[in-house]
There are 4 protein chains.
Amino acid sequence: MNNVVGNNSAEHLKSFMERIERLEEEKKALTTDIGEVYSEAKSAGFDTKIMRKVIALRKMDAAKRQEQEALMEVYMNALGMLADLPLGQAALSKVA
Amino acid sequence: MNNVVGNNSAEHLKSFMERIERLEEEKKALTTDIGEVYSEAKSAGFDTKIMRKVIALRKMDAAKRQEQEALMEVYMNALGMLADLPLGQAALSKVA
Amino acid sequence: MNNVVGNNSAEHLKSFMERIERLEEEKKALTTDIGEVYSEAKSAGFDTKIMRKVIALRKMDAAKRQEQEALMEVYMNALGMLADLPLGQAALSKVA
Amino acid sequence: MNNVVGNNSAEHLKSFMERIERLEEEKKALTTDIGEVYSEAKSAGFDTKIMRKVIALRKMDAAKRQEQEALMEVYMNALGMLADLPLGQAALSKVA
DNA sequence: AACGTTGAAATAGTTC
DNA sequence: GAACTATTTCAACGTT
C-alpha cells in the first residue's frame, strides 16, 4: 500500500474537522439560547433593543479597560527601558 | 411597600442580562476552543485557510453552491475574465 | 441584436467595478501614507506601538460616545411611547 | 525655560497623531464611498456579494488562484466530498 | 420578505 | 515565521 501516510493524514484532517464542527454546533446552540432569553425578556415587557445596547456598552467598557491596561503595560516597558536613566527612575517612582 | 413591582422588574431585568452575559461568555470560550483546534491543525501541517473554506462549503447546501458558481461565471463573463483558469474553462463550457 | 439589455448590463456592471477599484486604490494610497507617518514618528524616536494604542483608545472613546447617544435616543423613544401616561410624563420631565 | 526639548517633543508627537487621525478620516470617507457604490449596484439589481468575490479574484494573480483551487481539491478528496459539484467534477478529472 | 444595521468571524498585512 | 493588528467579509437580527 502506497498511501499509508496519505491516509493517516486524511484521517487526521477528518478528525480535526469533526472536532471543529462539533464545537460550532455547541456554539450555535448557545446563540439560540441567547435569542431565547431575549424573547423571554421581550414577553416580560422589556425593550430588547435597549437591552442589546446596554450589553454592548458594558462590553465596550470591559474592552476599554483592557486596552487601558495594555497601554499601561507598554508604558511600563517603555519606562523600564529608561529605568537606568535618572528621568526614567523619577517616572517609575510615580507609578510604582 | 410602594415599589414592589418596580423592584421585581429591576430584578427580573437584571436576571435576564446576567443570563445573557453568562451565555455570551460560554460562547466566547467555545470560539477560543475552536481557534485552538485550528492552531493544532496548523502545527500538524494543515492549511487552516483551506480548512475554513471546506467547512464553510459543507455548511452550504449543494443547490446554493451551484447557484453561486453559476452567477459567478456570468459576472466574470461580463468582465471578459476567466479564460485562463482551468476550473473556469470547464465552467465556461457549461454556460457558453 | 439580441443582447442589448445584457450588454448594457455588462457595461453597467463594469462601470461599477471600475469605480470601486479606483476608490480602493485611493484608499490603499492613504494606508501607505499612514504607514509613512508612523515611520517618520519612529525615526523621530517615538514609540509607535504606544501611539497606535493611544489612537485606538481615542477611537474607542468616540465610538462609546456615539453608542451612549444612541442609547439615550432609544430611551427617549421608549419614554415617548409612554408620554401619555402619568409615569411617562414624570420621567420625561426629568430628561427634558 | 526648562522644558524646551520636552515641549517640542510633545508638539511633534501631537502633530504626528493629528496627521494620522486626519488620514484615517479620509480613509474612512473612502470606505463609505465604496459602500455607496455597492449600494447603487445593488439597487441596479446586481449581487454585491458576487461582485466582491470577483474583485477579490482580480486582485489575486492567476498562479495563486490555481494553487488554492488545487489544494482545495486535495482536501475535499480527503473528506470524500465534492462528487456532486459540476465545477468539482471537472476539477476532479484533472487530479484523479 | 427585503432592507439596512450591527455584531461576529475570517483574512490580509505588518512587525518583531 | 509567528504573533498581532487592522481590514474586510459574512451572518443574524430587527425593521418596514
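Each chain gets a letter, A, B and so on, in the order its sequence line appears, and its residues count up from 1. Scope of the values below: all heavy atoms of this structure, side chains included, with no hydrogens, waters or symmetry mates. Just so we're clear, the structure is a prediction, and the values are computed from it rather than from any experiment.
Using a 4.0 Å heavy-atom criterion, one finds that C:Lys42 contacts the sugar-phosphate atoms exclusively.
Between C:Thr48 and C:Glu67, the residue whose closest nucleotide on DNA chain E is further toward the 5' end is C:Glu67.
Distance CD1 (C:Ile55) to C1' (F:dT5): 13 Å, rounded to an integer number of Å. One atom, CG of C:Leu57, and another, P of F:dA6, lie 11 Å apart when rounded to the nearest Å. Rounding to whole angstrom units, CE of residue C:Met51 and P of F:dT5 are separated by 16 Å.
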Taking only nitrogen or oxygen atoms into account, show me every contact under 3.5 Å that the protein makes with nucleotides 9-13 of chain F, one pair per line with its distance.
{"unit_1": "F:dT9", "atom_1": "OP2", "unit_2": "D:Arg52", "atom_2": "NH1", "d": "3.1"}
{"unit_1": "F:dC13", "atom_1": "O3'", "unit_2": "A:Arg52", "atom_2": "NH2", "d": "3.4"}

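The heavy-atom pair separating B:Phe16 from A:Ala44 by the smallest distance is CE1-CB, 4.0 Å. Here the closest heavy-atom approach between residue C:Leu13 and residue B:Tyr75 is recorded as CD2-CD2, 3.9 Å. Here the shortest heavy-atom pairing between A:Lys53 and C:Ala70 reads CE-CB, 3.8 Å. Taking each heavy atom of A:Glu67 and C:Ala56 in turn, the nearest pair found is OE1-CB, 4.4 Å.
At least one donor-acceptor pair closer than 3.5 Å links the side chain of D:Ser39 to the backbone N or O of D:Gly35.
Using a 4.5 Å cut-off on side-chain heavy atoms (C-beta onward), B:Asp33 and B:Glu36 make contact. Contact check for A:Lys64 versus A:Gln68: side-chain heavy atoms found under the 4.5 Å cut-off.
At the phosphate of F:dT7, neither OP1 nor OP2 sits under 4.0 Å from any side-chain N or O atom of C:Lys27.
Separating the CZ atom in A:Phe46 from the NE2 atom in B:His12 is a distance of 6.0 Å, to the nearest 0.5 Å.
Residues forming a side chain to side chain contact (heavy atoms under 4.5 Å, CB included) with C:Glu26 (at least two apart in sequence, or on another chain): C:Arg22, C:Leu23, D:Leu30. Residues meeting the side chain to side chain donor-acceptor pair (under 3.5 Å) test with B:Glu40, sequence neighbours left out: A:Arg19. D:Glu25 is linked by a side chain to side chain contact (heavy atoms under 4.5 Å, CB included) to nothing, counting only residues two or more places apart in sequence or in another chain.
If you walk DNA chain E from 5' to 3' and mark each nucleotide with an atom closer than 4.0 Å to a heavy atom of chain B, the marks span E:dA9 to E:dA12.
Comparing the local axis fitted to the first five base pairs of the helix from E:dA1-F:dT16 to E:dC16-F:dG1 with the one fitted to its last five gives a bend of 10°, rounded to 10°.
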